[in-house]
A.B. asks: 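My structure is below; once you've seen it, I'll send some questions.
These numbers come from the heavy atoms of this one structure, side chains and all, not from hydrogens, waters or symmetry mates.
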Amino acid sequence: RKRERTVDELVADYCSWLDRRKGSPKHKADEKRQTRQAIGLAEVGSLPAAELRLGQAMKVLDGAAGPALPRKLLGSLSRFCAWLTDREVIAANPVLLIDRRRRPVPPKPRSRVLSLEEVGKVYNAAGRIAPARGKKADGAVWCRLVRFTLLMPPRIGEISSMRWDHVSLKGGFWSQPDKLTKNGDPHVLPLPPEALAI
């Protein structure tokens, strides 16, 4: 009966299982989204899980475009299939049958960084931001966000998750809880005077 359940039904179970696991909410959300996207590209959602084959995994490679997306989607599909294998729903993970020469290679690490002159230009231009949507007054909010992002090292997702109870204005530091960081470790970051003012 387990083998007769559709892939979509089993993806729902897999997502519930992911929610119960340790890890950052963002990582879990990305994994669930990428798994569903891979299932969509493979066109197997309505099929019984037992019918998963190598050819369907190849559809993910053929349908995903970009330097990083094919690798991400194939990785998510492989983790889902490993989960199915562990539960004896399928006999083997079809993603592992893809020839090594066909598997996507990791994209080259980004090495481009802004020069101090470029950072200054972006910082100064932030004061002239006009939001594409919303009220004109929102420009001031976007200006502060852009400037704060230039002044601090965390990722934009971590900055957008910042809460007042994470900040000590008197101490001049920002305590990032473990659930908001990429590696799952808490961080304490000093706030330079310019960031503290924002």
A.B. asks: Please report the C-alpha distance between C15 and R36 in whole Å, then the side-chain angles of each, then the deciding distance to 0.1 Å, and finally whether the side-chain contact (heavy atoms from CB on, under 4.5 Å) criterion is met.
C.D. replies: CA-CA 10 Å; C15 291; R36 289 188 178 109; 3.4 Å; yes

A.B. asks: With the side chain counted from C-beta on, respond yes when L52 and V7 share a heavy-atom pair under 4.5 Å apart, and no when they do not.
C.D. replies: yes

A.B. asks: Is the shortest side-chain N to carboxylate O distance from E118 to R112 below 4.0 Å?
C.D. replies: yes

A.B. asks: Quick one: CG on L116 to NZ on K121, what's the gap to the nearest 0.5 Å?
C.D. replies: 12.5 Å

A.B. asks: Check this for me: does any side-chain nitrogen of one of K22 and D178 sit under 4.0 Å from a carboxylate oxygen of the other?
C.D. replies: no

A.B. asks: Hydrophobic clusters here meaning ILVMFWY residues chained together by side-chain heavy-atom distances under 4.5 Å, can you tell me if V89 and L54 are in one?
C.D. replies: yes

A.B. asks: Using 0.5 Å steps for rounding, measure from the OG atom of S76 to the NZ atom of K32.
C.D. replies: 12.5 Å

A.B. asks: After noting the C-alpha distance and the side-chain angles of V122 and L150, does the key distance pass the side-chain contact (heavy atoms from CB on, under 4.5 Å) rule?
C.D. replies: CA-CA 9 Å; V122 173; L150 290 169; 3.7 Å; yes

A.B. asks: Is any side-chain heavy atom of K108 closer than 4.5 Å to a side-chain heavy atom of P67?
C.D. replies: no

A.B. asks: In terms of heavy-atom contacts, does CH2 of W17 have more than 12 from other residues, nucleotides or ligands at under 6.0 Å?
C.D. replies: yes

A.B. asks: Ignoring hydrogens, what is the shortest heavy-atom contact between N93 and A82? Give both atom names and the distance.
C.D. replies: ND2-N, 3.7 Å

A.B. asks: Measure across H166 and P177 and return the closest heavy-atom pair with its distance rounded to 0.1 Å.
C.D. replies: NE2-CG, 3.7 Å

A.B. asks: Is NZ or CZ of R163 both nearer than 6.0 Å to the six-membered ring centre of W174 and within 45° of the ring axis?
C.D. replies: no

A.B. asks: If I take atom CD from residue E51 and atom CD from residue Q56, how far apart are they, to the nearest 0.5 angstrom?
C.D. replies: 7.5 Å

A.B. asks: Tell me whether I198 shares a hydrophobic cluster with V119, the cluster being built from Ile, Leu, Val, Met, Phe, Trp, Tyr side chains joined at under 4.5 Å.
C.D. replies: yes

A.B. asks: In a check of side-chain hydrogen bond (donor to acceptor under 3.5 Å, both in side chains) between D99 and each of R102, R101, R103, which one passes?
C.D. replies: R101

A.B. asks: Any side-chain heavy-atom pair from K28 and P25 closer than 4.5 angstrom?
C.D. replies: no

A.B. asks: Does the side chain of K59 come within less than 4.5 Å of E43's, by heavy atoms?
C.D. replies: yes

A.B. asks: Rounded to the nearest 0.5 Å, what's the gap from CD on Q34 to CG on L41? Could you check?
C.D. replies: 11.5 Å

A.B. asks: Grab the two heavy atoms, one from S160 and one from G157, that are nearest each other, plus how far apart they are.
C.D. replies: OG-O, 3.0 Å

A.B. asks: Can you measure from OH (Y123) to CZ (F148) and round to the nearest 0.5 angstrom?
C.D. replies: 11.0 Å

A.B. asks: Specify the closest pair of heavy atoms between A92 and T85, including all atoms of both residues, with the distance to one decimal.
C.D. replies: C-OG1, 4.0 Å

A.B. asks: Flag the pair T35 / L73 as yes when at least one side-chain heavy-atom distance between them is below 4.5 Å, and no otherwise.
C.D. replies: no

A.B. asks: Between S46 and D8, do the side chains contain an N or O donor and an N or O acceptor separated by less than 3.5 Å?
C.D. replies: no

A.B. asks: Determine the minimum heavy-atom distance between A195 and M152, stating which atoms define it.
C.D. replies: CB-SD, 4.0 Å

A.B. asks: Checking side-chain contact (heavy atoms from CB on, under 4.5 Å) for the pair I159/R155: CA distance, chi angles, key distance, verdict?
C.D. replies: CA-CA 6 Å; I159 289 173; R155 294 168 173 81; over 6 Å; no

A.B. asks: Would a distance-only check, ignoring hydrogens and angles, find a side-chain to backbone donor-acceptor pair under 3.5 Å from S78 to L74?
C.D. replies: no

A.B. asks: Does any non-hydrogen side-chain atom of E31 lie less than 4.5 Å from one of Y14?
C.D. replies: yes

A.B. asks: Determine, step by step, whether D86 and W83 satisfy the side-chain contact (heavy atoms from CB on, under 4.5 Å) criterion, reporting the C-alpha distance in whole Å, the side-chain angles of both residues, the deciding distance to 0.1 Å, and the verdict.
C.D. replies: CA-CA 5 Å; D86 291 345; W83 181 83; 5.5 Å; no

A.B. asks: Given side chains that start at C-beta, do those of L191 and L169 come closer than 4.5 Å, heavy atoms only?
C.D. replies: no

A.B. asks: Should I156 and L151 be regarded as members of a common hydrophobic cluster, given that ILVMFWY residues are connected when their side-chain heavy atoms come within less than 4.5 Å of each other, either directly or indirectly?
C.D. replies: yes

A.B. asks: How long is the span from the OG atom in S175 to the NE2 atom in H187, to the nearest 0.5 Å?
C.D. replies: 11.5 Å

A.B. asks: Is there side-chain contact between V188 and Q176, with at least one heavy-atom pair below 4.5 Å?
C.D. replies: no

A.B. asks: Do the side chains of D13 and R5 get close enough for a salt bridge, i.e. N-O under 4.0 angstrom?
C.D. replies: yes

A.B. asks: Following the transitive rule for hydrophobic clusters with a side-chain heavy-atom cut-off under 4.5 Å over Ile, Leu, Val, Met, Phe, Trp and Tyr, establish whether L97 and F80 coincide in one cluster.
C.D. replies: yes

A.B. asks: Hydrophobic clustering (ILVMFWY, side-chain heavy atoms < 4.5 Å, transitive) - are L47 and I39 grouped together?
C.D. replies: yes

A.B. asks: Specify the closest pair of heavy atoms between P154 and E158, including all atoms of both residues, with the distance to one decimal.
C.D. replies: CB-OE1, 3.1 Å

